[in-house]
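A short write-up of the structure that comes next.
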Amino acid sequence: MDAEALAERMLSDACELVMGGWCQGTSAQDEMGRAIEPSSAFARSWSAAGALERVWRRALVGDDVSLEAFERANLALAAVVKDAPQRWNDAPERTRAQVLEALSAAPKLLRAARGQHSLVDDLLDDLDRHQEIPASLFENPA
């Protein structure tokens, strides 16, 4: 599976996780509402960014492909919400419906850009040039 297709699948899987449980203020929570690592088997609700992280950490694809797919998915989500996904998710006025809508829109952005040089490609090129991922895209408040 190529990185673009995997990124779309990651976003769809993240959307399914958030349908099952959504949280704010942390990337994931257990059944008691305590902050927990998104990839933990005890996680029961996720932020948009936390759900995407869980899907990425559990991907069964080669490291380079899954990392590129995660970067593409996260950047597409950031492009849709026009902010760092975790910060956007945690805004007091944010609703679960808005998060689900954004997670549903991000794969469409990737599909629309398939075969064309896109905003996501530009951002990935910038990452390659600077050899690091902007920390603000992956903010993870404790």
Side-chain angles (χ1 to χ4, degrees), residues 1-31 33-91 93-142:
M1 179 176 288
D2 70 351
E4 286 182 0
L6 182 56
E8 288 178 33
R9 193 177 93 205
M10 285 179 167
L11 286 159
S12 295
D13 291 350
C15 189
E16 287 184 33
L17 283 173
V18 172
M19 278 189 222
W22 175 61
C23 67
Q24 289 184 291
T26 186
S27 56
Q29 293 178 343
D30 65 11
E31 65 185 22
R34 296 175 295 211
I36 193 166
E37 287 296 314
S39 58
S40 171
F42 298 105
R44 294 294 176 262
S45 61
W46 297 266
S47 66
L52 195 54
E53 181 181 341
R54 178 186 177 101
V55 169
W56 168 55
R57 293 196 182 277
R58 294 182 168 225
L60 301 174
V61 184
D63 288 339
D64 290 343
V65 174
S66 63
L67 179 58
E68 182 181 346
F70 175 69
E71 290 170 343
R72 285 180 175 280
N74 208 341
L75 290 170
L77 182 57
V80 167
V81 301
K82 297 173 179 58
D83 197 355
Q86 187 66 46
R87 182 174 47 229
W88 177 83
N89 180 93
D90 291 346
E93 69 278 4
R94 192 69 50 231
T95 66
R96 181 174 164 264
Q98 290 171 320
V99 172
L100 291 170
E101 183 179 320
L103 286 167
S104 295
K108 294 173 188 168
L109 178 72
L110 289 173
R111 278 193 295 277
R114 186 167 277 168
Q116 302 174 26
H117 194 75
S118 68
L119 171 64
V120 172
D121 291 318
D122 289 340
L123 291 170
L124 286 171
D125 288 345
D126 287 345
L127 291 178
D128 289 341
R129 201 171 321 130
H130 300 290
Q131 296 298 315
E132 64 183 54
I133 299 171
S136 66
L137 288 177
F138 304 100
E139 287 179 353
N140 189 3

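Here the structure is a predicted model, which is why all the values come from computation and not from measurement. The figures that follow rest on heavy atoms only: side chains count, while hydrogens, waters and symmetry mates do not.
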Quick one: closest heavy-atom pair of A7 and R72, and the distance?
CB-CB, 3.9 Å
Quick one: CG on L100 to CD on E16, what's the gap to the nearest 0.5 Å?
11.0 Å
Could you grab the distance from atom CE of M10 to atom CZ of F70, nearest 0.5 Å is fine?
8.0 Å
Which heavy atom in I36 sits nearest to a heavy atom in S27, and how many Å separate them?
O-OG, 4.3 Å
Working to the nearest 0.5 angstrom, can you tell me the gap between T95 OG1 and E101 CD?
8.5 Å
Side chain R44, main chain A41, donor-acceptor under 3.5 Å
yes
Going from CE on M19 to CG on L103, what distance comes out if it is rounded to the nearest 0.5 angstrom?
9.0 Å
Any donor-acceptor pair under 3.5 Å linking the side chain of W46 with the backbone of A14?
no
Do the non-hydrogen side-chain atoms of R9 and L6 ever get within less than 4.5 Å of each other?
yes
Taking all heavy atoms of A43 and all of P38, pick out the closest pair and write down the distance.
CB-O, 3.9 Å
Nearest non-hydrogen partners of E93 and Q98, listed with the distance
O-OE1, 3.6 Å
Within this structure, what is the CZ-SG distance for the pair R96 and C23, rounded to the nearest 0.5 Å?
12.0 Å
Taking the side chain as every heavy atom from C-beta outward, state whether T26 and S47 have any pair of such atoms under 4.5 Å apart.
no
Note, W88 side chain near V99 side chain (heavy atom, < 4.5 Å)
yes
Any side-chain heavy-atom pair of L110 and E4 under 4.5 Å
no
When you compare the side chain of E37 with that of R54, does any pair of heavy atoms fall below 4.5 Å?
no
Testing R94, Q86, R87 for side-chain hydrogen bond (donor to acceptor under 3.5 Å, both in side chains) with D90, which one passes?
Q86
Taking all atoms of both residues into account, what is the closest heavy-atom pair of P107 and L11, and its distance?
CG-CB, 3.6 Å
Would a 4.5 Å heavy-atom cut-off, applied to side chains only, mark N74 and P85 as touching?
yes
Is the side chain of N89 donor-acceptor paired with the backbone N or O of A48 at a distance under 3.5 Å, no angle test?
yes
